[in-house]
Structure formats: structure tokens, C-alpha cells
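The structure appears below as C-alpha cells.
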There are 2 protein chains.
Amino acid sequence: MAAKKAKPVCLDSVKAVRDTLEVINGKWKLDILISLSIGNERFTDIQDSIPGITPKILAKELKELEQHQLIKRTIIDDYPIKIVYRSENYAHTLHPIIYALKEWGLNHRKKIFNKGYVETDAAIASCMSEEGT
Amino acid sequence: MAAKKAKPVCLDSVKAVRDTLEVINGKWKLDILISLSIGNERFTDIQDSIPGITPKILAKELKELEQHQLIKRTIIDDYPIKIVYRSENYAHTLHPIIYALKEWGLNHRKKIFNKGYVETDAAIASCMSEEGT
DNA sequence: TAGGGCACTTTCCTAAAGGAAAGTAGTACC
DNA sequence: GGTACTACTTTCCTTTAGGAAAGTGCCCTA
């Protein structure tokens with residue numbers, strides 16, 4: 001039997017899916033978003049809140065998140081000068097996706113390893129709520 | 001202000017999200033799933049249906065998809081011997097996620113480039129339906 | 001016995017992601 | 001003048017993903 005080619009519309013879908021994945025991929029994007037959501041605003045605070053991240057990577061990821069309009073970089077010009085990063089409302093549109101990815105991941109881990117991996121019902125939803133800790 | 005650390009539960013969420021991303025990442029996973037869903041079953045058919053994929057990559061991706069129980073490899077032992085790949089029902093649990101990723105990606109593209117990127121309303125849903133084309 | 005199809009594997013290579021460590025420019029404080 | 005803090009950047013290195021091309025083992029048909 002000859003191979004069936006996918007409809008072009010499907011390939012467009014693949015492209016759109018990949019666009020999204022590109023936005024949330026990168027080993028630290030989620031950690032950064034969480035760090036912002038629990039109240040960290042400044043470069044060094046964000047860095048200190050994420051064990052293992054280097055300034056180079058943090059700078060790069062922040063730039064990408066800003067380009068995607070998920071966060072905003074603001075220069076506060078009193079003394080001493082400060083730079084703050086804050087997540088935009090637009091970032092909230094990612095939450096259902098992140099939640100779904102999390103749920104699927106938890107379930108998948110159970111399926112594959114067939115062992116419990118229980119979590120109190122505090123989810124990304126809570127991690128992402130306006131006031132953390 | 002000192003950096004706020006994320007709650008451990010949030011880090012577990014990040015892990016779960018990454019688990020899921022790992023499953024659907026890989027440049028060709030989605031294409032392969034689509035190829036299977038439109039009726040391709042055999043190695044060379046799948047390969048021919050996805051322009052640009054090499055046998056090495058295809059073999060690797062198929063192995064990973066099988067490990068994640070999204071597809072099944074079956075040896076059909078009459079003559080000539082055949083090997084068929086079929087997606088498992090479990091793969092369907094990914095559809096809502098893929099759909100959400102696609103929708104977000106389409107919208108994001110509009111937001112970033114501010115230009116229309118219209119698609120007839122046939123989505124992954126239709127790409128993934130049991131009988132393609 | 002030669003050639004061809006199938007389902008891969010092997011070898012070699014390139015590009016991109018990611019990381020460690022050090023450096024830098026501006027300001028402030030002592 | 002020296003030290004420290006902030007927000008990065010730069011250099012160099014390692015790891016990983018992915019790809020091109022060729023090869024392999026098996027069976028089948030002519």
C-alpha cells in the first residue's frame with residue numbers, strides 16, 4: 001500500500017503546536033514564570049530563587065519571554081536605579097495549557113512506572129496564584 | 001528584598017510538565033502520530049509520508065513513542081513477514097493537549113505578527129480522526 | 001544467482017543548547 | 001581609593017539533537 005500524505009492543514013497544525021512548544025520550552029522558562037508569580041521581580045532575586053540557573057541563561061530566557069510578551073521588563077528610574085520583571089496578563093493564557101500538561105504528566109508517570117506519585121491538590125494553579133508562599 | 005523560593009509542590013509540577021513535553025517533543029513525533037492516524041502502518045510508508053525524515057530518526061522516534069505506550073509495534077508473522085505500527089487508544093488522551101497547544105500557537109502568531117493566519121476549522125481533531133484523506 | 005524490497009543500524013558530521021567561570025559598567029557606600 | 005552590589009556579557013567548553021550516506025540481514029521473485 002502506498003503511503004498516505006497528511007493534508008496540508010495538518011502540517012499547519014503541527015507548525016502551530018511547535019510554535020507553542022517553542023515558547024514554553026527551554027529548560028528554565030517555567031521556573032522563571034513561577035518565580036515571577038510568587039513575587040520575585042529583580043534579576044538577582046530570580047536567579048537566587050532558581051537553584052542551578054546561571055546569569056547567562058537567565059538573561060537569555062528573560063529576553064525570550066519578553067519577546068513573546070509573557071513578561072515585561074521595566075526600568076525604575078529613581079535611586080538606585082532598578083530593573084523589574086513582571087509577568088503580563090497574557091501569561092495567564094498559558095495556565096490552562098500548563099495545567100493540562102502537568103495533569104497528563106502526572107498520570108503518565110503513574111501509567112509508566114505504575115506507582116503512586118501523589119500530590120496534594122495544590123497545582124500550578126496555586127503556584128501561579130498572585131501571592132505565593 | 002530576599003528572593004522567594006518556590007514551594008516544592010511547584011517544582012514537582014514543573015517536573016510533571018517537563019515529563020509531558022519530553023513525550024511530545026522531538027521534531028517528528030507529531031508528524032508520526034498524524035501519519036499513523038491517517039492510516040499508515042508500515043515503516044517505509046510512514047517514512048514516505050513524512051518528507052525529510054530519515055530512517056534513523058524514524059526508528060528512534062518510533063521506539064520512544066512505543067516506550068511511552070502511545071503506539072504499538074506488531075509483528076505479523078505470515079509471509080512475507082510484516083511489521084505494523086498502530087497508535088494506541090492512550091494516544092487519544094493527548095488530543096486535548098495538542099488541540100490546546102495548536103490553538104494557543106495560532107493565536108500567538110496572530111498576536112506577535114499581528115497578521116491573520118486563518119485556517120479552515122479542520123484542526124488536529126480532524127487530522128487525528130480515524131480515517132484521513 | 002542477481003536484484004529488489006523491507007526494516008532497520010552504523011558511522012560520521014554539524015548546529016544548537018546549555019553551563020562554568022570570569023569580566024564589566026554603572027552606582028553607591030565607607 | 002577600595003570594596004560591594006546589580007544586571008548583565010563574554011569566552012570557552014561539553015552535551016545533545018538531528019541529519020546524510022552507506023551498510024546489513026533477511027526474505028522473495030525472476
Side-chain angles (χ1 to χ4, degrees), chain A residues 1-4 14-15 17-19 21-33 35-36 39-68 71-86, chain B residues 1-4 14-15 17-19 21-33 35-36 39-68 71-86:
Chain A
M1 183 173 48
K4 297 167 186 170
V14 172
K15 252 180 53 184
V17 170
R18 276 214 274 262
D19 284 347
L21 291 179
E22 227 167 81
V23 171
I24 55 179
N25 256 340
K27 211 176 145 189
W28 303 101
K29 294 250 164 58
L30 252 28
D31 304 76
I32 293 169
L33 255 16
S35 180
L36 293 186
N40 294 306
E41 299 195 316
R42 311 197 46 188
F43 194 92
T44 36
D45 283 343
I46 299 167
Q47 194 186 328
D48 292 347
S49 75
I50 304 174
I53 200 171
T54 62
K56 174 185 149 185
I57 301 293
L58 180 55
K60 202 197 86 205
E61 303 273 57
L62 284 171
K63 245 170 234 154
E64 287 172 17
L65 289 169
E66 201 195 347
Q67 270 167 24
H68 288 299
I71 67 174
K72 199 167 172 195
R73 180 184 192 268
T74 312
I75 299 166
I76 296 184
D77 211 353
D78 50 25
Y79 285 101
I81 206 170
K82 274 204 318 186
I83 292 173
V84 299
Y85 294 93
R86 292 199 184 114
Chain B
M1 184 173 47
K4 296 169 186 168
V14 172
K15 253 180 52 185
V17 171
R18 276 214 274 261
D19 284 346
L21 291 179
E22 227 167 82
V23 171
I24 55 180
N25 257 339
K27 211 175 144 188
W28 302 101
K29 294 251 164 58
L30 252 27
D31 305 76
I32 293 169
L33 254 16
S35 180
L36 292 186
N40 294 306
E41 299 195 315
R42 311 202 43 191
F43 194 92
T44 35
D45 282 344
I46 300 166
Q47 193 185 331
D48 292 348
S49 75
I50 304 174
I53 201 169
T54 63
K56 174 186 149 185
I57 300 294
L58 180 55
K60 202 197 86 204
E61 303 274 57
L62 284 171
K63 246 171 235 155
E64 288 172 17
L65 289 170
E66 201 195 347
Q67 270 166 25
H68 288 299
I71 67 173
K72 200 167 169 195
R73 180 184 192 269
T74 311
I75 300 165
I76 295 184
D77 211 355
D78 51 24
Y79 284 100
I81 206 169
K82 272 204 316 185
I83 292 174
V84 298
Y85 294 91
R86 292 197 184 116

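Note that these values count all heavy atoms, side chains included, but never hydrogens, waters or copies made by symmetry. To find a chain, count down the sequence lines: A is the first, B the second, and so on, and within it residues start at 1.
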- Side-chain N or O of B/R42 less than 4.0 angstrom from OP1 or OP2 on C/dC8? no

- Side chain of A/K60 - closest among D/dG18, D/dT9, C/dG18: C/dG18

- Rounded off to whole Å, could you give me the CG-to-P distance for the B/D77 and D/dC27 pair? 11 Å

- Query: Counting any heavy atom closer than 4.0 Å, what does B/K56 reach on the DNA or RNA strands: base, sugar-phosphate only, or nothing?
  - Reply: base

- Could A/E41 and A/R86 be called an ion pair, given the rule that one side-chain N must be under 4.0 Å from one carboxylate O? yes

- Task: Could you tell me whether the side chain of A/R73 reaches within less than 4.5 Å of the side chain of A/L62, counting heavy atoms only?
- Result: no

- Query: Where each residue is assigned the nucleotide of DNA chain C containing its nearest heavy atom, which of A/G26 and A/I81 is assigned the position nearer the 5′ end?
  - Reply: A/G26

- Any B/T44 side-chain nitrogen or oxygen under 4.0 Å from OP1 or OP2 of C/dA7: yes

- Item | Residue-phosphate contact under 4.0 Å: B/Y85 side-chain N/O, C/dC6 OP1/OP2 | no

- Task: Ignoring backbone atoms, test whether A/K63 places a side-chain nitrogen or oxygen under 4.0 Å from the OP1 or OP2 oxygen of D/dA7.
- Result: no

- Message: Tell me whether the side-chain N/O atoms of A/K29 come closer than 4.0 Å to OP1 or OP2 in C/dG18.
- Response: no

- Can we say A/E61 and A/K27 salt-bridge, meaning some charged N sits less than 4.0 Å from an Asp/Glu carboxylate O? no

